[in-house]
*Asks:* 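Handing you a structure now.
The model shown is predicted, which means the values in this text are computed figures rather than measured ones. Scope of the values below: all heavy atoms of this structure, side chains included, with no hydrogens, waters or symmetry mates.
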Amino acid sequence: MADEDSDAEKTEDPSSQRLEKARENGDVPRSKELATFTVLMAAASGFWLSGEAIIRQLKHMLSKSLSFDRLHVMDPALLGAGLLQQFIDLLLTLAPFVALLMLAAIVSPMLIGGFLFSTKALGPNFGKLNPMSGLANMVSTHALIELLKAIGKTILVGIVAWTVMSTQIDDIFALSAQSLSVASAELGHLMLTTFTALVSALALIALIDAPYQMIHYSQKMKMTRQEVKQESKESDGNPEIKAKVRAMQREMARRRMMADVPTADVIVTNPTHYAVAIKYPENSNQAPLVIAKGIDELATKIREIAAENKIVIMEVPPLARALYQHTELGDEIPAPLYSAVAQVLAYVFQLRSWNLEGEIKPVYPDFVEVPADMDPLNSETKT
């Protein structure tokens, strides 16, 4: 029962495959508060940098649009051309400010989660129309945090607005005693100062919301143990199938090894438990190679194939054990075994010569010296 509960809990970190799939579906961490703050701060910065020039240009355009001469009034074509030129001048005046806002609107979402374009996110999701899931979202912990965040933002902005306005109340009342041009400029400055202060207050909300969204996304992406196991099966394949594939690969390797046994120069045995096939490449600077090896049933099969192909079989137990322990298929024999293998091959080559020419029969080596540390039997005895 405890194992079932553990499997149902999201305790595992999300895999790269799960994160990539979520990204393909358009699901990445985003902070609306950070994006809102970035765009509004860009607007405030744009007003401070170019607001005066924009207002001055708009004032000039308004004054120009309200003045008509007789020629423009009598000729509709000239009137239309004048209006078009004023519209172009308006676009050119506002273009830097609008470009700054567009850049902020594009970049701000990428501050968390990076750039993302997903067509799947644009598709319809009828699951969102489910009233039960909607109700569950309304009473979730995330919804409660969003509510507290909205309340906190309202309170914070209200406090900042009240603080700024209370410090400027005298300046506001003094506007009535000033000329229209001076009062208008002063009012614009007060409004811009208040707007900048309110936007700056949102920085605190953004600094809280951005880490929270990252943590919330990380928790949402976590996986249960069962999901990890299922994903592993889907990506790596079923363990049973993989085991069968490995078994088939071993069988194919064994068959290739058995096909090489007839090319061996000698088979060194234990005599029954181990069998190692050695081949000395002619016209080569290589050391002798191990082309087949096995124990028990596989060793018996190697000896049978060797006997069928009239390959010399020599019982040298320490050498057979050492070669089996310290070599893999296709390896050259280790340097410490050069002397022992040389004794064996010398006997084999002399035996071949005797079979062909019939001179002096070679003497079977009664003792082949193998370094004690190369024989696994000695290591087991010491242990």
Side-chain angles (χ1 to χ4, degrees), residues 243 245-383:
V245 170
R246 286 195 295 267
M248 293 176 63
Q249 291 173 340
R250 287 194 297 269
E251 178 62 22
M252 293 174 64
R254 189 182 71 83
R255 291 179 181 177
R256 287 194 299 268
M257 182 182 71
M258 290 303 181
D260 291 337
V261 171
T263 66
D265 291 314
V266 63
I267 308 297
V268 181
T269 66
N270 190 34
T272 57
H273 295 297
Y274 292 84
V276 179
I278 300 175
K279 180 178 181 179
Y280 181 67
E282 296 182 2
N283 302 323
S284 172
N285 293 327
Q286 281 185 290
L289 304 176
V290 173
I291 61 173
K293 68 175 187 175
I295 58 175
D296 299 332
E297 294 182 3
L298 192 55
T300 301
K301 187 64 176 177
I302 291 174
R303 291 195 302 272
E304 291 176 356
I305 296 176
E308 293 172 359
N309 291 272
K310 298 181 180 180
I311 306 298
V312 178
I313 301 175
M314 296 182 63
E315 296 183 6
V316 189
L319 181 58
R321 292 192 298 264
L323 288 170
Y324 186 88
Q325 179 71 21
H326 298 289
T327 61
E328 298 295 335
L329 293 180
D331 287 353
E332 295 183 0
I333 62 171
L337 299 178
Y338 278 179
S339 177
V341 173
Q343 287 181 260
V344 171
L345 289 177
Y347 171 75
V348 171
F349 294 148
Q350 291 173 8
L351 186 62
R352 285 183 188 172
S353 178
W354 177 75
N355 289 331
L356 292 175
E357 300 175 5
E359 296 180 356
I360 302 174
K361 185 175 182 180
V363 179
Y364 189 90
D366 295 328
F367 177 74
V368 176
E369 185 177 1
V370 175
D373 59 342
M374 297 293 289
D375 188 351
L377 186 61
N378 292 335
S379 300
E380 293 176 2
T381 304
K382 292 178 180 179
T383 304

*Asks:* Would you be so kind as to tabulate the donor-acceptor pairs closer than 3.5 Å made by side chains of residues 309-327, with sequence neighbours excluded?
*Replies:*
| from | atom 1 | to | atom 2 | distance (Å) |
| --- | --- | --- | --- | --- |
| Asn309 | ND2 | Ile305 | O | 2.8 |
| Arg321 | NE | Asp375 | OD1 | 2.9 |
| Arg321 | NH1 | Asn270 | OD1 | 3.2 |
| Arg321 | NH2 | Asp375 | OD2 | 2.8 |
| His326 | NE2 | Met374 | O | 2.9 |
| Thr327 | OG1 | Leu323 | O | 2.4 |

*Asks:* Which pairs pass ring-ring contact (aromatic ring centres under 6.0 Å, His included) with one or both residues in residues 251-273, sequence neighbours excluded?
*Replies:*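 Sorted pair list comes back empty.
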*Asks:* Looking at residues at least two apart in the chain, or sitting in another chain, which of them share a salt bridge (Lys or Arg N to Asp or Glu O under 4.0 Å) with Glu251?
*Replies:*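 Salt bridge (Lys or Arg N to Asp or Glu O under 4.0 Å) check on Glu251 returns Arg254, Arg255.
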*Asks:* Output all residues satisfying side-chain hydrogen bond (donor to acceptor under 3.5 Å, both in side chains) with Thr263, sequence neighbours left out; order by chain, then residue number.
*Replies:*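 Here no residue qualifies.
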*Asks:* Under the rule for salt bridge (Lys or Arg N to Asp or Glu O under 4.0 Å), what residues qualify as partners of Arg250, not counting sequence neighbours?
*Replies:*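 Scan of Arg250 (salt bridge (Lys or Arg N to Asp or Glu O under 4.0 Å), adjacent residues dropped) gives none.
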*Asks:* What are the two closest heavy atoms between Ala264 and Ala277, and how far apart are they?
*Replies:*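 That closest heavy-atom pairing would be CB-CB, 3.9 Å.
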*Asks:* Under the rule for side chain to side chain contact (heavy atoms under 4.5 Å, CB included), what residues qualify as partners of Glu308, not counting sequence neighbours?
*Replies:*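 For Glu308, no residue satisfies side chain to side chain contact (heavy atoms under 4.5 Å, CB included) once neighbours in sequence are set aside.
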*Asks:* Please tell me if the side chains of Ile302 and Met258 come closer than 4.5 Å, counting only heavy atoms from C-beta onward.
*Replies:*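 Touching, per the 4.5 Å side-chain cut-off.
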*Asks:* Mark yes when over 12 heavy atoms from residues, nucleotides or ligands other than Glu332 sit less than 6.0 Å from its CD; otherwise mark no.
*Replies:*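 More than 12 heavy atoms, drawn from other residues, nucleotides or ligands, come within 6.0 Å of this atom.
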*Asks:* Identify every side-chain donor-acceptor pair in residues 335-353 under 3.5 Å, counting partners at least two apart or on other chains, and give the distances.
*Replies:*
| from | atom 1 | to | atom 2 | distance (Å) |
| --- | --- | --- | --- | --- |
| Gln343 | NE2 | Phe367 | O | 3.4 |
| Arg352 | NH2 | Asp265 | OD1 | 2.7 |

*Asks:* Provide the full list of ring-ring contact (aromatic ring centres under 6.0 Å, His included) pairs with a residue in residues 284-312, sequence neighbours left out, each pair given once.
*Replies:*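 Every candidate ring-ring contact (aromatic ring centres under 6.0 Å, His included) pair involving residues 284-312 fails, so no pair, neighbours aside, qualifies.
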*Asks:* What heavy-atom pair brings Leu329 and Lys293 nearest, and what distance separates the two atoms?
*Replies:*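 Shortest heavy-atom contact: CD2-N, 3.9 Å.
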